[in-house]
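Report on the following structure.
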Amino acid sequence: MSSIAALLERIEVGPRPRVLVVGDLVADRYVFGRTDRISREAPVLIVRHEREEVRLGGAANAAWNVAVLGAQVTALGVLGDDEMGAKLEHLCAQSGIALSAIRDPALQTESKTRILAGGVNTSRQQMLRLDRGQEGELPAHVRARVAETLEDLAARHDAVLVSDYGAGVLGPETIAAACQAARAIPVTVDSRYQLHAFRGVTVAKPNEPELAAATQLPIGTAAQVEKAARALVRNLACEAALVTRGREGMVLCTATGSEHLAPHGARDAVDVTGAGDSVIATFTTFLAAGGALTTAARLANVAGGLVVQKPGTAAVTLTELRHALE
């Protein structure tokens, strides 16, 4: 606890750690409405529009989580020259995130529109999600600019967080640049589909299905998760794997041992949306502040338990972390 308290104080007093977040910037759009009847045109509910809002999603949500903790953060990604791109830019400015976006008018900003509806006196439930954005690889010149910018910015930060949602920003060039940066500073990776490609990074953060896909090993029991995590550490030649296990907590595995972290809090989750972003953001922020792997993992575990008690994409503050620990 003394090392954790010292780390929290270090971020509050300064100098603030500098974290570069690179990945798929996503606009999370929520449309809220009321429904009380079924359409005559088709067997679907009619939703009367009430309000809507746009939040930071994907790598932008990870960057927001870093900023809320009090670190200096830069977000690197790709945006289209469109309405959602402009909204993301505005939200980043409001949230204290330095945005370094590669803009291309030929591309469409990645967005996820969720329709939430319910009766007059009921809570709104998600009915439908509509995704928009680039399909397939980004143009070669865009991928090259992202990689070059990553190389330049990494030299001015204390850690790099890679947030790969599979929308195309993390191509071969950018992955190579991230792995190269790990020779000088901590580089953490949260990759949904291509974790196996990040050989040489500092820490990989898969959930159980991602771990199974990356190692082709079963993960039904705690022992199997630990075995697969050790295989991932060997395969990626990284320092550690931080595996999130939902209700079973987390496992931090290195080449020499492992630590199982019980889930923080006893209540059922309200919403797990973006919880992985909060975990990797907290973990990376405290690594950037000079924390040990185990200390950063314990703080990330607490943050994960707190954020799932909040609806939608959310973040955990330094004050909330301190109160939870107390």
Side-chain angles (χ1 to χ4, degrees), residues 1 3-12 16-17 19 21 23 28 55-73 75 95-97 158-163 186 188-190 202-208 210 240-253 259-326:
M1 284 299 296
S3 62
I4 288 178
L7 203 53
L8 291 170
E9 186 176 355
R10 190 179 306 169
I11 291 183
E12 288 180 327
R16 295 190 298 160
V19 179
V21 178
D28 276 345
R55 303 176 188 172
L56 297 169
N61 182 45
W64 177 50
N65 273 264
V66 173
V68 168
L69 285 171
Q72 299 180 64
V73 59
S95 304
I97 300 168
D158 301 307
V160 175
L161 189 167
V162 177
S163 179
T188 62
V189 177
D190 188 0
T202 311
V203 180
K205 190 217 73 66
N207 58 28
E208 288 187 328
E210 291 162 354
L242 181 63
V243 184
T244 54
R245 305 188 63 212
R247 293 181 179 179
E248 301 301 321
M250 301 182 190
V251 176
L252 176 68
C253 185
E259 180 175 354
H260 293 255
L261 302 171
H264 176 79
R267 294 178 295 174
D268 290 335
V270 172
D271 193 339
V272 298
T273 304
D277 293 331
S278 297
V279 169
I280 191 67
T282 304
F283 182 75
T284 308
T285 298
F286 287 106
L287 279 187
L293 290 173
T294 53
T295 306
R298 290 168 186 167
L299 285 161
N301 187 48
V302 175
L306 293 174
V307 79
V308 296
Q309 298 302 319
K310 302 180 179 185
T313 49
V316 175
T317 67
L318 212 58
T319 300
E320 287 174 317
L321 270 180
R322 190 185 294 279
H323 287 169
L325 291 165
E326 291 172 351

What closest approach, in Å, do [X] and [Y] show between heavy atoms, and which atom pair accounts for it?
X: Val302; Y: Ala324; result: CG1-CB, 3.8 Å
X: Val73; Y: Ala67; result: CG1-CB, 3.6 Å
X: Gly304; Y: Val279; result: CA-CG2, 3.9 Å
X: Leu161; Y: Val66; result: CD1-CG2, 4.4 Å
X: Leu299; Y: Leu321; result: O-CD2, 3.8 Å
X: Ala71; Y: Thr285; result: CB-CG2, 3.9 Å

message = Counting C-beta onward and ignoring hydrogens, is there a side-chain heavy-atom pair between Ser163 and Asp277 closer than 4.5 Å?
response =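 A side-chain contact exists here, since the closest heavy-atom pair is under 4.5 Å.
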task = Would you indicate whether the side-chain heavy atoms of Leu318 and Leu8 approach each other to under 4.5 Å?
result =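 Side-chain contact under 4.5 Å: yes.
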ask   = Does the side chain to side chain contact (heavy atoms under 4.5 Å, CB included) test come out yes or no for Ile97 and Val21, once each step is laid out?
value = CA-CA 10 Å; Ile97 300 168; Val21 178; over 6 Å; no
inquiry  = Please determine whether the number of non-hydrogen atoms from other residues, nucleotides or ligands lying under 6.0 Å from atom CD of Glu9 exceeds 12.
reply    =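 Atom CD in Glu9 is not packed in, count stays at 12 or less.
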Rounded to the nearest 0.5 Å, what separates atom [atom1] in [X] from atom [atom2] in [Y]?
X: Leu287; Y: Ile280; atom1: CG; atom2: CD1; answer: 8.5 Å
X: Leu242; Y: Leu261; atom1: CG; atom2: CG; answer: 7.5 Å
X: Lys205; Y: Glu210; atom1: NZ; atom2: CD; answer: 6.0 Å
X: Leu252; Y: Phe283; atom1: CG; atom2: CZ; answer: 6.0 Å
X: His323; Y: Leu306; atom1: NE2; atom2: CG; answer: 11.5 Å
X: Ile11; Y: Arg16; atom1: CD1; atom2: CZ; answer: 10.5 Å

query = Tell me, which pairs form a side-chain hydrogen bond (donor to acceptor under 3.5 Å, both in side chains) where one or both residues lie in residues 293-303, sequence neighbours left out?
reply =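 Listed by first then second residue: Glu259-Arg298.
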